[in-house]
Every structure is written in structure tokens, then in C-alpha cells.
Undergrad: 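The structure follows.
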Amino acid sequence: MIDLAYAMSASPGGGNGGGILQILPLMIGMFAIMYFLIIRPQQKQKRERENLLRAIKKGDRVVTSGGLYGTVVGLSEHTVTLKVADQVKLDFERSAIGRIVPVAGDKESSA
């Protein structure tokens, strides 16, 4: 019975690379799954974030990543100046903006 098992196994030195050819489709499939579940959604999210940061304009009501609400009163290439109260203006890095909040009278907020 043990002789039969040895006879059925592949020869130790006579492999022709068949193992790699068998595992290659599995590796390609795993990469495709990783791409569609992880990489592609992250790229899409990054693109949306960049568009959001580019679309900020004076008068927008925004929330910073720290949770501070304010109105944009000044913009430069890298910074945003927010008015958070009367006579209180703070400068933030553009990347600190978390989202744009719709103002109560906007069309988007009523839809």
C-alpha cells in the first residue's frame, strides 16, 4: 500500500514547473479581487476628496476634520480662513476640511 502511494506521487526532481502554472490563475484572481475591493474604491474616494477641496469657495459653510464649523472667508493655494464667530477667524490647511455643509436655504438641502 505504501509502495502504491509513492508510485502515485510526483517524482522529486522531475518537476517541469507545473506547480507555478497551477497557482498562477489563483494569484491573478486574488489580485483582481484585491483591486476591485480595495485599490479601486480608494482611488475613487481620493478623487472625490480632491474635487471637494478644489470646489471650496468663499461663503461655503464647512466642517473641519476636527469637527469645527465655520464659513470660508479667505482662500489660498494651501490654506483656508474660516470665520467661526464674530471677530474670530482661523486659518486651516485645506486638507483639514472634512466636508461642505449645505446652508439651510440651498436647493440641495431641500431635496
Side-chain angles (χ1 to χ4, degrees):
M1 179 124 161
I2 294 175
D3 292 335
L4 181 61
Y6 282 123
M8 294 175 83
S9 68
S11 61
N16 59 0
I20 291 181
L21 291 177
Q22 289 176 348
I23 201 165
L24 188 63
L26 177 66
M27 291 176 66
I28 291 171
M30 288 178 64
F31 178 77
I33 290 170
M34 294 275 293
Y35 176 78
F36 285 108
L37 291 179
I38 297 173
I39 298 169
R40 191 166 178 240
Q42 283 181 348
Q43 289 174 342
K44 183 180 176 188
Q45 195 174 38
K46 182 180 176 188
R47 238 185 343 263
E48 289 172 357
R49 175 120 177 100
E50 288 171 354
N51 290 337
L52 170 95
L53 294 177
R54 237 183 272 122
I56 295 173
K57 59 189 180 302
K58 287 184 180 180
D60 281 347
R61 183 113 168 106
V62 297
V63 179
T64 65
S65 56
L68 185 71
Y69 283 79
T71 304
V72 178
V73 293
L75 292 168
S76 74
E77 186 177 343
H78 298 289
T79 61
V80 176
T81 303
L82 299 181
K83 180 178 178 182
V84 295
D86 291 336
Q87 304 297 320
V88 179
K89 294 179 183 176
L90 303 172
D91 289 331
F92 288 93
E93 190 78 28
R94 263 191 194 245
S95 62
I97 302 299
R99 62 186 170 97
I100 297 175
V101 180
V103 182
D106 279 357
K107 295 180 239 175
E108 295 175 6
S109 63
S110 61

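Residue indices begin at 1 and follow the sequence shown.
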Undergrad: Can you tell me how far apart CD (Gln45) and CD (Glu48) are? Round to the nearest 0.5 Å.
TA: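 Spacing of CD (Gln45) from CD (Glu48) equals 7.0 Å.
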Undergrad: Please determine whether residues Leu37 and Met34 belong to a single hydrophobic cluster, defined as Ile, Leu, Val, Met, Phe, Trp and Tyr linked transitively by side-chain heavy-atom distances below 4.5 Å.
TA: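 Yes, same cluster.
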Undergrad: For residues Leu53 and Tyr69: do they belong to one hydrophobic cluster (side chain heavy atoms under 4.5 Å, members Ile, Leu, Val, Met, Phe, Trp, Tyr)?
TA: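 Different clusters.
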Undergrad: To the nearest 0.5 Å, what is the distance between OG1 on Thr64 and CD on Glu93?
TA: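 Here the rounded value is 13.0 Å.
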Undergrad: If you measure from CZ on Arg54 to CZ on Arg94, what distance do you get to the nearest 0.5 Å?
TA: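 Separation between the atoms: 10.0 Å.
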Undergrad: Should Val88 and Val80 be regarded as members of a common hydrophobic cluster, given that ILVMFWY residues are connected when their side-chain heavy atoms come within less than 4.5 Å of each other, either directly or indirectly?
TA: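 In one cluster with Val88: Val80, yes.
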Undergrad: Can you hop from Ile33 to Leu24 via hydrophobic side chains spaced under 4.5 Å?
TA: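 No, Ile33 does not connect to Leu24 through the hydrophobic network.
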Undergrad: Can you tell me how far apart CD1 (Ile56) and CG (Leu75) are? Round to the nearest 0.5 Å.
TA: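 One finds 7.0 Å between CD1 of Ile56 and CG of Leu75.
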Undergrad: Where is the tightest heavy-atom contact between Phe92 and Leu68, given as atom of each residue plus distance?
TA: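 Closest heavy-atom pair between Phe92 and Leu68: CZ-CD2, 3.4 Å.
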Undergrad: What's the spacing between Met27 CE and Gln22 CD if we round to 0.5 Å?
TA: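 Here the interatomic distance stands at 14.0 Å.
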Undergrad: Do the side chains of Ile23 and Met30 join up, straight or via other hydrophobic residues, at under 4.5 Å, putting them in one cluster?
TA: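 In one cluster with Ile23: Met30, yes.
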Undergrad: Evaluate Val72 against Leu82 for side-chain contact (heavy atoms from CB on, under 4.5 Å), listing each step before the verdict.
TA: CA-CA 5 Å; Val72 178; Leu82 299 181; 3.7 Å; yes
Undergrad: Once you round to the nearest 0.5 Å, how far does CG of Asp60 lie from OG1 of Thr71?
TA: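 Reported value, rounded in 0.5 Å steps: 9.0 Å.
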